[in-house]
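Note on naming: letters A, B, ... go to the chains in the order of the sequence lines (proteins, then strands), and numbering restarts at 1 for each one.
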There are 2 protein chains.
Amino acid sequence: MTEREYLILIGKNITKIRKQRGITSKELGYQCDMEKSNLIPIEKGRINTTIGTLIKIAKALDVDIADFLKR
Amino acid sequence: MTEREYLILIGKNITKIRKQRGITSKELGYQCDMEKSNLIPIEKGRINTTIGTLIKIAKALDVDIADFLKR
DNA sequence: TCCAAAGGTATGATATATCATACCCGTTAT
DNA sequence: ATAACGGGTATGATATATCATACCTTTGGA
């Protein structure tokens, strides 16, 4: 599994969980204190984001980071 | 669990697995194609590193990224 | 018809991760 | 005694993640 594939997997999992929560990217960005201009590319797997950012997203979605790695 | 605590946990897990493999930080850095001036602070939890870097380390240690998150 | 909401992209500025290198300190072997 | 090794830090340069903002497109409702 390449780095790009990993990032895409993580992004898809974030999107999936966010939609399960019924919230928009804007709202998630607000809850994570981050811009959608950063959040959306993360969900698309275009940005090699940091652990700290994943932690913020995981907290906002009330899941564990490990959930973002599941296939 | 705070971000700092997460980073420290990840760093400790990396160090632990690296020592189980019996390799030095310099060797791991070489296998990951990264400098020890970056690797050691990551093992210490001082740097908010990226997913891409964790992937490189995980590959070099032949483990899954999720193993770095275990307590 | 139109307007607001949602997803998405573009761009310049700022913050920070990483590189490259040099150096310090303990320990261990010679 | 000292040289080599392992861990660790310091620093300036470079790459890139994130911010802040503006803009586009599509879709759904008034």
Side-chain angles (χ1 to χ4, degrees), chain A residues 1-70, chain B residues 1-70:
Chain A
M1 209 180 190
T2 126
E3 171 179 326
R4 173 62 53 97
E5 287 168 340
Y6 247 115
L7 295 175
I8 290 177
L9 170 67
I10 291 170
K12 280 186 177 168
N13 281 329
I14 293 174
T15 305
K16 187 162 122 193
I17 298 171
R18 173 175 63 78
K19 295 199 164 167
Q20 282 173 1
R21 300 285 183 275
I23 66 178
T24 68
S25 349
K26 190 180 168 189
E27 280 172 11
L28 179 56
Y30 178 73
Q31 290 176 28
C32 300
D33 193 33
M34 62 187 292
E35 297 297 322
K36 70 170 184 170
S37 62
N38 190 32
L39 179 58
I40 289 178
I42 289 172
E43 289 194 4
K44 292 290 171 184
R46 284 203 206 94
I47 280 186
N48 176 22
T49 191
T50 64
I51 298 297
T53 298
L54 283 194
I55 291 171
K56 289 198 292 185
I57 297 174
K59 279 183 180 166
L61 292 176
D62 193 32
V63 295
D64 195 272
I65 304 184
D67 293 331
F68 295 154
L69 303 173
K70 292 178 181 164
Chain B
M1 209 179 190
T2 121
E3 170 178 326
R4 174 62 51 99
E5 287 167 340
Y6 247 115
L7 295 174
I8 290 176
L9 170 68
I10 291 170
K12 281 185 177 169
N13 281 330
I14 293 174
T15 305
K16 187 162 121 192
I17 299 172
R18 174 176 62 77
K19 296 199 164 166
Q20 282 172 0
R21 300 284 184 274
I23 66 178
T24 68
S25 349
K26 190 179 167 189
E27 280 171 11
L28 178 56
Y30 178 72
Q31 290 177 28
C32 299
D33 192 32
M34 62 185 293
E35 298 297 322
K36 70 170 185 170
S37 62
N38 190 32
L39 179 57
I40 290 178
I42 289 172
E43 288 195 4
K44 292 291 171 183
R46 285 203 204 94
I47 280 185
N48 177 23
T49 191
T50 64
I51 298 296
T53 298
L54 283 194
I55 290 170
K56 287 198 293 186
I57 297 174
K59 278 184 180 164
L61 292 175
D62 193 32
V63 294
D64 196 273
I65 305 185
D67 294 331
F68 295 155
L69 303 173
K70 292 177 181 165

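- Mapping B:Thr49 and B:Lys36 onto DNA chain C by nearest heavy atom places B:Thr49 at the nucleotide closer to the 5' end.
- Side-chain proximity of A:Ile47 to the nucleotides D:dA17, C:dA17, D:dG8 is greatest for D:dA17.
- Each of A:Lys19, A:Lys16, A:Arg18 was checked for a salt bridge (charged side-chain N to carboxylate O under 4.0 Å, His left out) with A:Glu43, and the lone residue meeting it is A:Arg18.
- Taking a cutoff of 4.0 Å between a charged side-chain nitrogen and a carboxylate oxygen, B:Arg21 and B:Glu27 do not qualify as a salt bridge.
- Residue B:Met34 places its side chain closer to C:dC19 than to any other of C:dC19, D:dA17, C:dT18.
- Proximity of A:Arg46 to the phosphate of D:dA17: no side-chain N or O atom is located under 4.0 Å from OP1 or OP2.
- Residue side chain B:Lys44 does not reach the base of D:dG8 through any donor-acceptor N/O pair under 3.5 Å, judged by distance alone.
- Computed from coordinates, the B:Glu3 CD to D:dT18 P distance equals 11 Å when rounded to whole Å.
- With rounding to whole Å, A:Glu43 atom CD is found 11 Å from C:dT9 atom P.
- Distance alone, capped at 3.5 Å, places no donor-acceptor pair between the A:Asn48 side chain and the B:Thr50 backbone.
- Shown are A:Leu39, A:Val63, A:Ile17, A:Thr49; of these, the side chain to side chain contact (heavy atoms under 4.5 Å, CB included) with A:Ile57 is made only by A:Leu39.
- Counting heavy atoms of neighbouring residues, nucleotides and ligands inside a 6.0 Å radius, atom NZ of B:Lys12 does not exceed 12 of them.
- Atom CD in A:Glu35 sits about 6 Å away from atom P in D:dC19, given to the nearest Å.
- Nucleic acid contact class of A:Thr53 (heavy atoms, under 4.0 Å, all strands): sugar-phosphate only.
- Within residues 15-33 of chain A, the residues approached by DNA chain C to less than 4.0 Å at the level of any non-hydrogen atom are A:Arg18, A:Thr24, A:Ser25, in residue-number order.
- In this structure, A:Leu39 atom CG and C:dA6 atom P are separated by 14 Å, rounded to whole Å.
- The phosphate of C:dC19 (OP1 or OP2) has a side-chain N or O of B:Asn38 nearer than 4.0 angstrom.
- A:Asn48 places its CG atom 13 Å from the C1' atom of D:dT18, with the value rounded to the nearest Å.
- Below the 3.5 angstrom threshold, one finds a donor paired with an acceptor across the side chain of A:Ser37 and the base of D:dA20.
- Following rounding to the nearest Å, B:Ile40 (CD1) and C:dA17 (C1') show an atom-to-atom distance of 16 Å.
- Backbone-only contact: A:Ile42 has heavy atoms under 4.0 Å from sugar-phosphate atoms and none from a base.
- Remark: B:Lys56 NZ is packed, more than 12 non-hydrogen atoms of other residues, nucleotides or ligands lying under 6.0 Å away.
- In this entry the distance linking CD1 of B:Ile51 with C1' of C:dT18 reads 16 Å, nearest Å.
- For B:Asp67 (side chain) and B:Asp64 (main-chain N/O), a donor-acceptor pair under 3.5 Å exists by modelled atom type.
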